[in-house]
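Let me begin by presenting the structure, written as structure tokens, before commenting on it.
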There are 4 protein chains.
Amino acid sequence: MARPVRMKGAIERAALELFVERGVDGTSIREIASRAGVTEGALYRHHKSKDDLVRALFFENYHLFAAMIKRVRAAHDGVEDLLPALVEAFFGLYDEDHYVFEFIMLVQHALLDEVKTDEANPVELVSRIVREAIRKRQVPKQDANLTTALLVGLVIQPAVGVRYGRVKRPLVRHAPFVSRACLELLQLGKS
Amino acid sequence: MARPVRMKGAIERAALELFVERGVDGTSIREIASRAGVTEGALYRHHKSKDDLVRALFFENYHLFAAMIKRVRAAHDGVEDLLPALVEAFFGLYDEDHYVFEFIMLVQHALLDEVKTDEANPVELVSRIVREAIRKRQVPKQDANLTTALLVGLVIQPAVGVRYGRVKRPLVRHAPFVSRACLELLQLGKS
Amino acid sequence: MARPVRMKGAIERAALELFVERGVDGTSIREIASRAGVTEGALYRHHKSKDDLVRALFFENYHLFAAMIKRVRAAHDGVEDLLPALVEAFFGLYDEDHYVFEFIMLVQHALLDEVKTDEANPVELVSRIVREAIRKRQVPKQDANLTTALLVGLVIQPAVGVRYGRVKRPLVRHAPFVSRACLELLQLGKS
Amino acid sequence: MARPVRMKGAIERAALELFVERGVDGTSIREIASRAGVTEGALYRHHKSKDDLVRALFFENYHLFAAMIKRVRAAHDGVEDLLPALVEAFFGLYDEDHYVFEFIMLVQHALLDEVKTDEANPVELVSRIVREAIRKRQVPKQDANLTTALLVGLVIQPAVGVRYGRVKRPLVRHAPFVSRACLELLQLGKS
DNA sequence: AATGAATGAGATTTCATTCAT
DNA sequence: AATGAATGAAATCTCATTCAT
């Protein structure tokens with residue numbers, strides 16, 4: 001009847017994948033349990049509601065993400081160095097486990113308020129890099145917020161392209177080109 | 001620009017807004033009826049199911065969208081001319097009614113199969129423009145799929161930025177800069 | 001499939017009876033629906049949760065109760081007159097619909113906070129009668145709170161006795177005796 | 001008075017309190033374990049089911065209760081003597097540990113079948129005293145069942161009053177007055 | 001045509017109990 | 001013996017849809 005084996009990991013992985021594949025609302029607790037190989041109740045030992053599961057999954061992965069970002073930042077100096085390193089890091093993460101990447105993209109809107117100006121917030125991070133580059137005269141004056149949005153678009157959309165089969169895997173192979181596009185963009189005001 | 005979108009009535013408008021605000025699965029018929037100021041039953045006089053409502057909403061707007069795009073294409077020749085015109089058209093649509101724009105983005109994945117190679121499909125449209133420009137030697141040879149993704153990113157992400165308060169309204173005011181970024185990107189292979 | 005007939009009354013009556021018979025926690029939505037002859041969902045058209053149903057049932061009946069009390073109070077003057085009238089009114093209510101009476105007794109503890117010193121609160125009412133009688137020297141000085149508790153005990157416990165088959169129905173037939181007991185109690189300090 | 005109640009341990013105490021505070025059905029095994037500072041599994045080492053825990057708690061306390069009553073009965077003769085002693089015993093028990101008193105009141109209806117005519121059954125006890133007093137002509141002829149209910153009301157309701165903050169603690173201080181009320185009640189038929 | 005009550009299927013959640021560790 | 005994860009059954013609740021009025 002009872003089968004006390006540690007299933008927390010399996011539950012969370014199943015949830016992560018299903019949320020990405022079918023959306024959060026499109027995934028039932030029953031489906032998560034079923035894919036994890038447990039009964040529905042098992043889920044509630046680890047998370048007190050479906051919503052709680054979503055949040056836990058988000059913050060857990062978000063923090064790993066943030067840690068990676070911090071590491072990259074600490075190891076590189078100046079936009080020309082840092083941006084390519086970040087692009088490669090993002091793309092590497094996507095290639096390694098696109099579910100994690102996509103899940104963060106998927107639910108960030110709903111949870112964004114709680115993370116708004118957190119320096120682990122990737123958008124915020126890019127924004128800081130841009131502002132710092134402007135301040136240090138590494139790039140011409142420009143609307144930092146708009147540039148940030150454009151840079152984010154350059155990084156995220158190839159991942160979306162891979163997902164929908166338009167862009168070839170692995171994503172890292174496109175890192176050099178995307179990095180160049182990013183750097184060119186930053187210099188756009190020059191001419 | 002003429003209003004590109006017409007809404008049959010309060011029900012459709014309420015549904016559109018709620019779908020954007022909370023997602024399709026996250027919105028109940030009751031909520032739609034309530035916001036529209038009608039009862040649940042009344043909704044079924046106009047649409048035979050929720051799914052039908054979603055599809056009707058999508059195709060109705062998608063066709064107006066497509067018509068707009070055709071108009072723009074007919075009036076412009078060559079990437080250098082066409083791309084800025086399209087960017088302005090997209091941004092204009094967003095400024096005029098961001099719900100429509102976001103709704104199309106939101107459900108296109110689910111319904112795109114049925115319009116896959118339709119030239120009103122924004123991604124497909126961009127892809128064709130890129131391939132044609134390459135064919136006509138207007139731009140250097142490059143991975144058309146990747147470039148398409150990047151161009152899409154440059155257009156969509158500023159809209160996302162506006163939504164989350166990072167980029168200033170109206171979006172059209174950023175059209176010239178974004179257009180330049182797009183054109184530069186297309187020439188990136190040159191050097 | 002659907003059968004839109006007004007079932008609100010049936011649902012509330014079924015709930016009232018079951019709550020009295022098996023306790024609130026001991027009664028499931030399914031049982032209520034089943035006794036009312038509807039499906040479980042029907043309940044949620046009228047009350048947004050089980051808890052809400054309990055509260056609605058309580059306040060609805062509590063107000064009828066309160067109205068009755070006010071009527072009796074308005075029609076009688078002085079303890080000697082009022083107390084017997086109230087006892088008879090209580091007992092009459094019990095005989096007429098013991099479910100209502102018992103339900104109020106059953107859940108009042110949980111909801112008492114919201115009704116604490118409301119003058120429709122039967123205990124509060126008795127308390128006021130006692131204090132007024134003392135003030136007007138109709139009865140000797142005494143601990144009004146204790147006397148109130150004792151009077152309440154004299155009225156409630158016969159009803160409990162009826163419920164458990166110890167005291168014979170109808171309860172009204174015992175009203176004269178109980179009233180005498182109440183009045184004697186009030187005079188107890190005299191000697 | 002000697003502590004009339006012994007609790008095997010933390011689990012039983014936690015259960016007793018929670019059952020009184022939230023009702024038996026309203027209390028989960030998890031809550032009991034949590035308040036007792038043990039895990040759910042540990043609970044099943046001592047009691048084979050929740051129902052078993054309730055019964056154990058009831059009978060354990062009920063027997064101590066019964067023993068106390070027997071002691072009181074053995075030491076007193078005649079209503080005039082016995083009733084005041086019992087009132088004081090009840091009130092003393094309440095003051096010492098109102099949880100025990102209330103728990104017995106709470107579950108007796110569900111479990112009383114099994115101790116129906118047991119003389120530790122408080123209602124049955126009072127009933128016997130009344131009938132014996134009538135038989136011995138210590139009090140006038142009267143409806144023993146009704147009188148029993150009224151006496152029970154006189155004893156129980158002050159305890160309820162204390163619980164809801166209407167009557168002042170300790171309850172014993174009211175014992176003389178309540179006893180007099182009980183004895184007067186018994187003589188009510190005289191006049 | 002409109003209304004809003006009810007259906008019925010399924011979703012989420014709770015919980016007494018069991019059992020591998 | 002203790003722990004706490006998992007079971008399985010049942011409870012509460014949701015919601016697209018139907019239909020009597």
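Protein chains get the first letters and strands the later ones, always in sequence-line order, with residue 1 at the start of each.
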Nearest-nucleotide comparison on DNA chain E, the residue closer to the 5′ end among D/K48 and B/A42 = B/A42
Separation of A/I32 atom CD1 from F/dA6 atom C1', in whole Å?
-> 16 Å
Please tell me which of B/D51 and A/L43 maps to the more 5' nucleotide of DNA chain F, matching each residue to the nucleotide holding its nearest heavy atom.
-> A/L43
For C/H47 and E/dA6, what is the distance between atoms NE2 and P respectively, to the nearest whole Å?
-> 11 Å
How about D/L57 and D/V107: do any of their side-chain heavy atoms sit closer than 4.5 Å?
-> no
Does A/K50 or B/T39 map to a spot on DNA chain E nearer the 5' end, using the closest nucleotide for each?
-> B/T39
Given E/dT3, F/dT17, F/dA5, which nucleotide is nearest the side-chain atoms of A/H46?
-> F/dA5
Looking only at side-chain atoms of D/S28, point me to the closest of E/dT14, F/dA1, E/dA16.
-> E/dA16
Rounded off to whole Å, could you give me the CZ-to-C1' distance for the B/R30 and F/dT14 pair?
-> 9 Å
Roughly how many Å is it from CD in D/E31 to C1' in E/dC15, rounded to a whole number?
-> 10 Å
The answer to which of B/E40 and D/G41 contacts DNA chain F further toward the 5' end, by nearest nucleotide, is D/G41
Is B/T27 touching bases, backbone alone, or none of the nucleic acid, heavy atoms closer than 4.0 Å?
-> sugar-phosphate
Out of F/dT3, E/dT3, E/dA6, which nucleotide sits closest to the side chain of B/V38?
-> E/dT3
For E/dG10, the nucleotide meeting Watson-Crick or G-U wobble distances (both under 3.5 Å) is F/dC13
Identify which nucleotide among F/dA11, F/dA5, E/dA16 has an atom closest to any side-chain atom of A/R45, counting heavy atoms from C-beta outward.
-> F/dA5
Just compare F/dT18, F/dT7, F/dT3 and give me whichever is closest to any side-chain atom of B/Y44.
-> F/dT18
Which of the following nucleotides, E/dT17, F/dT17, E/dA6, is nearest to the side chain of D/I29?
-> E/dT17
Do the non-hydrogen side-chain atoms of B/E17 and B/F103 ever get within less than 4.5 Å of each other?
-> no
Does a side-chain N-to-carboxylate-O contact under 4.0 Å join C/E60 and C/K8?
-> no
Measure from CD1 on C/I11 to C1' on E/dA5 and round the result to the nearest Å.
-> 9 Å
Can you tell me the pairing partner of E/dA1 across any strand shown, Watson-Crick or G-U wobble, with both distances under 3.5 angstrom?
-> none
Expected output: side-chain A/Y94 to main-chain A/E102 donor-acceptor under 3.5 Å | no
Separation of A/M7 atom CE from E/dA20 atom P, in whole Å?
-> 15 Å
Exam field: side chain B/H63 to backbone B/F59, donor-acceptor pair closer than 3.5 Å | yes
